[in-house]
Engineer: 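Below is a structure I'd like to ask you about.
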Amino acid sequence: MPRPDSATPLTPRLLAIAESRARVLASLLLLLFLLLGAVSVYHDTPTIDEPMHFGMGARTVDGSLEHTAMTSTTINALNAVPKVVIDILGVTLSAPTTLWLARMPTLLLVTALGWYVFVWSSELYGARGGLLSLFLFVFCPTSMAHGRLITTDMPCAVFCFAAAFYFVRYMKQPSWATLLVAAAAMGVAQISKYTALWLLPVLLGAFIARRYAQRRARDENEQLPLSTVVLHGAVYLMVTLVILNVGYLFVGTFETLATHKQWLTSIYGYVDPANGPPSFTRSVHLALSNLPLPLPGPYLEGVLLGQFHNSTGAGHGPVYLLGERSQLGFPAYFPIAFLLKTPLPTLLLLALALVICVRSKRLRLDSDELVLLGASLSLLAYFSLLCTVQVGVRYLVPALPFLYVLAGQLVAWAPSGERAARFWRACLVALCVWLPVSVLSYYPHYISYFNELRWNRLELY
């Protein structure tokens with residue numbers, strides 16, 4: 001792992017010791033996250049979405065999957081596995097215990113995400129940077145709240161982050177092995193939630209930017225031939241597509257859109273854009289309606305239904321923001337939700353990290369920082385500008401791990417001068433003390449967390 005820029009050079013032996021200690025501390029932080037999540041959620045009754053997501057997972061496991069359930073995905077088959085094991089063993093458990101066991105796969109996945117955050121940040125900013133990124137992740141109220149539930153939000157965050165992590169490794173060391181791992185991660189990400197589609201253009205843009213930077217630097221040894229790039233791209237998409245179909249058990253693959261639209265209309269009141277007024281969307285639907293597509297039927301239904309809800313405001317109640325209600329939401333909803341639902345010390349650390357990233361010239365076309373910032377900001381922009389389904393800050397959770405990795409650079413930088421450097425370190429320590437105090441003050445009700453900008457908690461109940 002690279003040392004922080006301001007650190008005194010370490011011998012290989014001391015560096016190995018520091019990295020070993022950092023891994024131990026990271027393991028302890030993740031164990032704390034796991035224990036807090038497991039203990040705090042036991043007495044929580046099911047949220048409104050959990051039965052729907054669990055049902056989708058159960059149908060996947062028992063092979064009775066035929067159609068989508070709203071916009072659920074088959075990733076929740078992981079949550080149905082404990083119930084299957086209980087039934088096989090013939091054990092009788094209470095309803096709270098059964099629900100608790102069904103939630104644990106999500107919590108384990110999110111704990112694994114924390115390790116990925118630590119690893120990526122450590123590779124960029126050293127072991128201390130990795131620990132700071134992991135600390136922000138562990139004491140993230142949104143991760144804590146939704147990392148314990150049977151939903152698709154946190155699995156999407158896990159696998160989107162893994163897909164980006166391995167794709168960056170592929171860009172740095174192109175090979176068939178790194179390509180296949182990156183494609184497999186992207187395939188699982190597409191199974192996790194339809195939001196994962198956003199990551200494909202982001203990574204494509206990062207690849208083009210890196211290739212352009214290499215060409216400007218005239219680094220021909222780093223560039224793959226164009227024919228190889230095309231071949232790798234085709235294989236990447238093919239592997240992603242195969243894994244997506246495997247995740248849906250090849251149900252409805254190569255059926256036409258028209259078939260699925262008929263079912264959506266009868267069940268959800270879906271309105272086919274192909275029957276609407278002339279528009280680009282209508283032209284696309286007319287062209288594809290009777291064309292067999294190599295995509296699973298339930299997946300296509302979920303995409304179509306999500307587009308329908310997003311364009312019409314159907315499928316959810318009115319969106320509330322600062323005393324106003326709207327069926328089609330507000331452009332400022334997600335930025336305001338992010339500012340109010342993210343701890344103030346985290347917001348300050350992220351703002352400092354962004355400033356330092358720009359001033360230190362880390363944000364280059366071929367840098368990891370470009371991927372980290374591009375992934376997080378593009379998701380925020382997408383939901384703010386294009387999404388009318390605004391039912392909570394949880395939609396932004398796939399962006400958060402990227403921001404936390406970016407914040408790891410704060411320990412790899414220090415102002416010039418001994419007194420200024422000491423003051424900088426003291427500020428970082430103060431913010432890191434404030435963070436867990438703020439978040440744990442809401443234990444165990446993390447979903448209701450608001451930062452100190454909303455001081456009077458009594459108004460929330």
Side-chain angles (χ1 to χ4, degrees), residues 24-51 53-54 57 75-83 85-86 93-119 130-162 192-193 341-343 345-346 392-401 403-405 432 435-451:
V24 171
L25 290 174
S27 300
L28 292 175
L29 278 173
L30 289 172
L31 180 61
L32 175 63
F33 179 85
L34 187 64
L35 291 175
L36 285 174
V39 173
S40 64
V41 79
Y42 183 81
H43 293 290
D44 286 1
T45 55
T47 61
I48 190 171
D49 290 339
E50 284 187 287
H53 291 303
F54 181 83
I75 196 67
N76 293 123
L78 298 172
N79 302 100
V81 169
K83 182 65 167 59
V85 174
I86 291 171
L93 299 176
S94 65
T97 301
T98 302
L99 176 62
W100 181 82
L101 289 173
R103 287 166 164 169
M104 287 305 99
T106 304
L107 184 58
L108 292 173
L109 276 179
V110 178
T111 304
L113 171 60
W115 183 257
Y116 273 99
V117 169
F118 169 73
V119 170
L131 286 173
L132 176 60
S133 297
L134 179 58
F135 189 82
L136 295 180
F137 172 84
V138 167
F139 292 105
C140 169
T142 305
S143 296
M144 281 187 166
H146 299 282
R148 313 166 301 163
L149 305 177
I150 307 171
T151 63
T152 57
D153 300 296
M154 289 310 299
C156 179
V158 173
F159 292 112
C160 282
F161 189 83
S192 65
K193 193 176 181 180
K341 301 284 283 183
T342 302
T346 299
V393 74
R394 61 189 174 92
Y395 279 19
L396 298 181
V397 293
L400 300 181
L403 292 174
Y404 297 153
V405 171
C432 288
L435 176 59
V437 172
S438 174
V439 174
L440 294 179
S441 68
Y442 274 81
Y443 177 91
H445 307 297
Y446 301 117
I447 290 180
S448 61
Y449 177 87
F450 277 85
N451 62 32

Engineer: Please evaluate residues Leu101 and Lys83 with respect to the criterion side-chain contact (heavy atoms from CB on, under 4.5 Å), reporting the C-alpha separation (whole Å), side-chain torsions for both, the decisive distance (0.1 Å), and the verdict.
Structural biologist: CA-CA 8 Å; Leu101 289 173; Lys83 182 65 167 59; over 6 Å; no
Engineer: Name the orientation class of the two ring planes belonging to Phe118 and Trp115 (parallel below 30°, tilted from 30 to 60°, perpendicular beyond 60°).
Structural biologist: tilted
Engineer: Is any side-chain heavy atom of Leu134 less than 4.5 Å from a side-chain heavy atom of Val138?
Structural biologist: yes
Engineer: With side-chain contact (heavy atoms from CB on, under 4.5 Å) as the criterion, how do Phe54 and Leu99 come out once you've worked through the C-alpha distance, each side chain's angles and the decisive distance to 0.1 Å?
Structural biologist: CA-CA 10 Å; Phe54 181 83; Leu99 176 62; over 6 Å; no
Engineer: Going by atom type alone, with no hydrogens or angles, which donor-acceptor pairs under 3.5 Å involve a side-chain atom of residues 102-114 and a protein atom two or more places apart or on another chain?
Structural biologist:
residue	atom	partner	partner atom	Å
Arg103	NE	Glu50	OE2	2.9
Arg103	NH1	Val41	O	3.2
Arg103	NH1	Asp44	O	3.0
Arg103	NH2	Thr45	O	3.1
Arg103	NH2	Glu50	OE1	2.7
Thr106	OG1	Asn79	ND2	2.9
Thr106	OG1	Leu149	O	3.1
Thr111	OG1	Leu107	O	2.8

Engineer: Could you tell me whether Leu28 atom CG has more than 12 heavy atoms of other residues or ligands within 6.0 Å of it?
Structural biologist: yes
Engineer: Compare every heavy atom of Cys432 with every heavy atom of Leu132, then report the nearest pair and how far apart it is.
Structural biologist: CD1-SG, 3.7 Å
Engineer: Kindly say whether Leu435 contributes a backbone atom to a donor-acceptor pair with the side chain of Ser438 at under 3.5 angstrom?
Structural biologist: no
Engineer: Is it the case that Lys193 places NZ or CZ above or below the six-membered ring of Tyr395, under 6.0 angstrom from the centre and within 45 degrees of the axis?
Structural biologist: yes
Engineer: Walk me through whether Val397 and Cys156 qualify under side-chain contact (heavy atoms from CB on, under 4.5 Å).
Structural biologist: CA-CA 8 Å; Val397 293; Cys156 179; over 6 Å; no
Engineer: Verify whether one side chain among Arg394 and Thr142 offers a donor that lies under 3.5 Å from an acceptor in the other.
Structural biologist: no
Engineer: So, for Asn451 and Pro343, which heavy atoms are closest and what is the spacing to 0.1 Å?
Structural biologist: CB-CA, 4.1 Å
Engineer: Measure the CZ-OH distance between Phe139 and Tyr404 for me, rounded to the nearest 0.5 Å.
Structural biologist: 12.0 Å
Engineer: Identify, with sequence neighbours excluded, every residue that meets side-chain contact (heavy atoms from CB on, under 4.5 Å) alongside Thr342.
Structural biologist: Phe338, Thr346, Leu347
Engineer: For the residue pair Ser143 and Tyr446, establish whether any side-chain heavy-atom pair is separated by less than 4.5 Å.
Structural biologist: no
Engineer: Under a 4.5 Å cut-off applied to non-hydrogen side-chain atoms, are Ser448 and Tyr442 in contact?
Structural biologist: yes
Engineer: Assess Lys341 against Tyr449: is NZ or CZ under 6.0 Å from the centre of the six-membered ring, and within 45 degrees of the ring's axis?
Structural biologist: no
Engineer: Can you check whether His43 reaches Trp100 side chain to side chain, under 4.5 Å on heavy atoms?
Structural biologist: no
Engineer: I want to know whether Phe33 and Phe137 have ring centres closer than 6.0 Å.
Structural biologist: yes
Engineer: Test Ser133 against Val117 for side-chain contact (heavy atoms from CB on, under 4.5 Å), laying out the working first.
Structural biologist: CA-CA 7 Å; Ser133 297; Val117 169; 3.8 Å; yes
Engineer: Is any side-chain heavy atom of Leu400 closer than 4.5 Å to a side-chain heavy atom of Cys140?
Structural biologist: yes
Engineer: For the CG atom of Leu440 and the OG atom of Ser40, what is their distance to the nearest 0.5 Å?
Structural biologist: 10.0 Å
Engineer: Does Thr151 offer a backbone N or O that forms a donor-acceptor pair with the side chain of Asn76 under 3.5 Å?
Structural biologist: yes
Engineer: Nearest heavy-atom pair of Thr97 and Ser94: which atoms, and what distance?
Structural biologist: OG1-OG, 2.9 Å
Engineer: Is the shortest heavy-atom distance from the side chain of Pro398 to the side chain of Phe161 under 4.5 Å?
Structural biologist: no
